Structure formats: structure tokens, C-alpha cells
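Order of the sequence lines sets the chain letters (A, B, ...), proteins ahead of strands, with each chain counted from 1. Only a predicted model underlies this, so the values are computations on that prediction, with no experimental measurement involved. The figures that follow rest on heavy atoms only: side chains count, while hydrogens, waters and symmetry mates do not.
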There are 2 protein chains.
Amino acid sequence: MAVTELFRALGDPTRLEMVRRLSSGAPHTITSVSSGLQISRQGARKHLQILADAEVIMLEPRGRDTGVRLDRDTLEQGKAFIAELELRWDTRLEALRSFVDDE
Amino acid sequence: MAVTELFRALGDPTRLEMVRRLSSGAPHTITSVSSGLQISRQGARKHLQILADAEVIMLEPRGRDTGVRLDRDTLEQGKAFIAELELRWDTRLEALRSFVDDE
DNA sequence: AATTAATGCAACCATTTAGTTGCTTATTCG
DNA sequence: CGAATAAGCAACTAAATGGTTGCATTAATT
């Protein structure tokens, strides 16, 4: 399931920091989104590939550098997944409450 | 950051399936939440420990067996984290739009 | 009391992951 | 053109991960 891949992609401090940077909305390139992280350029690049594979980001080569953008839809799916879990849970608890009220 | 651990915990198909089962609200034990998964009991137990460490679930030993419950707050934090990312993004896009409108 | 059921602990193994370095390629800028 | 900048590809390594098995323990059942 795709949501597994999404959560896995977000489940790393470096990648989460990248995503946080991107969420500012400022335009980013591979270099800029990787700057200051305590890892090599190639290390950062691997993380970006994982995010791209999970469709958390989109890589857009433009001439010499490559733009990096968040994919809003994918993040939304993650949020929706959790919301659905919570809903299922709430529904069940509600059912229990009715049951108790009927006693 | 704790949210990293949360996402990492959710980023595995077996663990996500366990969480899905728990979200039904039906009471579960280690055995019941692990039943039918194509892994050994100990394999499943390791997954549950990871979920417990990330505070996605709570393990409650009661006599011979151990209850397993979802920790709603933690899931909520995950959802809130994504929501905040989206909000930051929206805010920025809104700012850009104003800028364009001012042209 | 004896058995069965539900766990826990620990050692071990194969694969994946996060990270590196070295080298190459392709734009852009002076 | 030549230098510098942004990036790609590949090979390699250490550590983490997901999985196993074997054995011990504790609690419920009959």
C-alpha cells in the first residue's frame, strides 16, 4: 500500500527536515533543500529519491539544477489515513456507549 | 523528534495492519492482534514493541495475556503534523498570490 | 497436579538502509 | 574558452531492521 511508503519516507529525521523546509513554500533545488544537513550531497540525494519514490516530493530538472516541490496530494492521503483510523475508532466507541446506555 | 518515530513505526505493512485492526476498537491481546499475519509470534511481538516505543499503542499486561490498545493522542499528533505542513504551505501560497495581485 | 495457552528473553541471520567516496557529465558565468 | 556549479552514477561499508528458532516463565483450565 502506498500509505506505508509515505509513512516510511517521513519516518527519518533528515527527510522530515527536508519536507519541513519545503513546506515553507519557498522554491528549492536539490542543493538548497540539502544545505546544512550534516551529510554528503549524495547522502542527501538518496533521501530525496526516497521522498520522490513515495511521491512526497517532485523533482523537476531545469537546466543545470533540479527543482524540488512538495506533492500536496500525497501528504493529504497520509493525513486522511490517520483521520480514517480515528473515525473507525470513534464509531466503535460510540457503539459501545450506546450499548452501555441501553443497560 | 517523536513524530519521526511515529511515522517510522507506521511505515511498515505489518505494523500498519496491526494498527488498522486495533482501530476497529475491538479489544485485542498480543495474540489476537498478531493472528494470521505470516510471521512468527516473536516477529509480531517485535513489531508491537516498536509501536509501543513510538507510543502508537499501549501494552497492558493482565494476568496471562497482554492487552493492546491504540494511543489516540500519538496518532493525533501525526495528523496534526501533516496538517501544520499543509498550513505553512497554504500560507506561503497565499502570500505569493497577494504579491501577484499587487502587480 | 498436570497440561495448555500466552508471553518473555536472547542469540542468531539475511537484507535493507544510510551513509560514504570517487569519478563523470552537463550547464552557466566571467 | 575556461572555471565553477549542480548534478548523476556506481561501488563500497557499517549499522539497523525484519525475521527466525530455542528455551524459560507464568497463569489459566481440566
Side-chain angles (χ1 to χ4, degrees), chain A residues 1-22 26-71 74 78, chain B residues 1-22 26-71 74 78:
Chain A
M1 179 179 282
V3 82
T4 306
E5 203 181 352
L6 163 64
F7 287 138
R8 163 158 290 219
L10 296 180
D12 174 276
T14 300
R15 291 194 290 267
L16 209 56
E17 170 60 22
M18 288 169 155
V19 169
R20 210 180 278 112
R21 290 177 178 193
L22 291 168
H28 273 288
T29 66
I30 290 184
T31 302
S32 75
V33 83
S34 308
S35 79
L37 305 174
Q38 298 297 68
I39 56 176
S40 68
R41 177 178 62 87
Q42 291 301 348
R45 179 55 236 251
K46 282 198 180 183
H47 283 298
L48 288 171
Q49 191 58 50
I50 288 167
L51 288 170
D53 289 346
E55 296 182 81
V56 175
I57 63 171
M58 291 178 318
L59 297 174
E60 305 167 324
R62 274 190 307 269
R64 186 171 48 166
D65 39 27
T66 294
V68 184
R69 295 195 311 115
L70 272 187
D71 184 328
T74 304
Chain B
M1 175 180 284
V3 82
T4 307
E5 203 182 352
L6 163 65
F7 287 138
R8 166 159 290 221
L10 295 180
D12 174 275
T14 300
R15 292 194 289 268
L16 209 56
E17 170 60 22
M18 288 170 154
V19 168
R20 209 179 279 114
R21 289 178 179 193
L22 291 167
H28 272 288
T29 66
I30 291 184
T31 302
S32 76
V33 82
S34 308
S35 80
L37 306 174
Q38 298 296 69
I39 56 177
S40 69
R41 177 179 63 87
Q42 291 301 348
R45 179 56 237 250
K46 282 198 180 182
H47 283 299
L48 288 170
Q49 192 58 50
I50 289 168
L51 289 170
D53 288 347
E55 296 181 81
V56 175
I57 63 171
M58 291 180 317
L59 297 175
E60 307 168 323
R62 273 190 309 267
R64 187 170 48 166
D65 40 27
T66 294
V68 184
R69 295 197 310 116
L70 271 188
D71 185 329
T74 303

What one-letter contact string describes nucleotides 22-30 of chain C from 5' to 3', where B marks a base within less than 4.0 Å of any protein heavy atom, S marks contact via sugar-phosphate atoms alone, and - marks no contact?
B----BS--
C:dA18 P sits how many Å from A:Q49 CD, rounded?
13 Å
Would you give the length of the straight line joining atom CG of A:L70 to atom CZ of A:R20, rounded to the nearest 0.5 angstrom?
12.0 Å
The criterion is side-chain contact (heavy atoms from CB on, under 4.5 Å); which residues satisfy it with A:T29, sequence neighbours excluded?
A:T31, A:S32, A:D65
Applying side chain to side chain contact (heavy atoms under 4.5 Å, CB included) between A:L48 and each of A:T66, A:I30, A:V56, report the one that passes.
A:I30
Provide, to the nearest angstrom, the distance between the CD atom belonging to A:E17 and the P atom belonging to C:dA18.
16 Å
Results of side-chain contact (heavy atoms from CB on, under 4.5 Å) for B:I50 - residues two or more places apart only
B:A9, B:R15
Any salt bridge between A:R8 and A:E5, counting N to O under 4.0 Å?
no
When the axes are fitted on five pairs at both termini, how much does the helix from C:dA1-D:dT30 to C:dG30-D:dC1 curve, in 10° steps?
30°
Looking across every strand, which nucleic acid part, if any, lies under 4.0 Å from A:S40 by heavy atom: base, sugar-phosphate, or nothing?
base
Rounded to whole Å, please give me the gap between NZ in B:K46 and P in C:dG8.
14 Å
Could you pick out which residue, B:T31 or A:T14, lies toward the 5' side of DNA chain C when each is mapped onto its nearest nucleotide?
B:T31
Start and end of the DNA chain D segment that chain B contacts, any atom under 4.0 Å from a heavy atom:
D:dT17 to D:dA28
So, do B:L59 and B:Q49 sit near enough that their side-chain heavy atoms are less than 4.5 Å apart?
yes
Whole angstroms only, please: what is the CG-C1' distance between A:D12 and C:dT16?
14 Å
Euclidean distance, B:L37 CG relative to B:H47 NE2, rounded to 0.5 Å:
8.5 Å
Between the CG atom in A:L16 and the OG1 atom in B:T4, the distance rounded to the nearest 0.5 Å is 4.5 Å
Toward the 5' end of DNA chain D, which comes first, B:Q38 or A:G67, by nearest nucleotide?
A:G67
Residue that, paired with B:S34, satisfies side chain to side chain contact (heavy atoms under 4.5 Å, CB included) out of B:R41, B:R45, B:M18:
B:M18
Between A:M18 (CE) and C:dG19 (P), how many Å, whole number?
9 Å
May I ask you to check whether over 12 heavy atoms, not counting those of A:E17, lie within 6.0 Å of atom CD?
yes
Can you name the salt bridge (charged side-chain N to carboxylate O under 4.0 Å, His left out) partners of B:R64, sequence neighbours left out?
none
Whole angstroms only, please: what is the CD1-P distance between A:I50 and C:dT16?
13 Å
Could you check how far CZ of A:R45 sits from P of C:dT17, rounded to whole Å?
17 Å
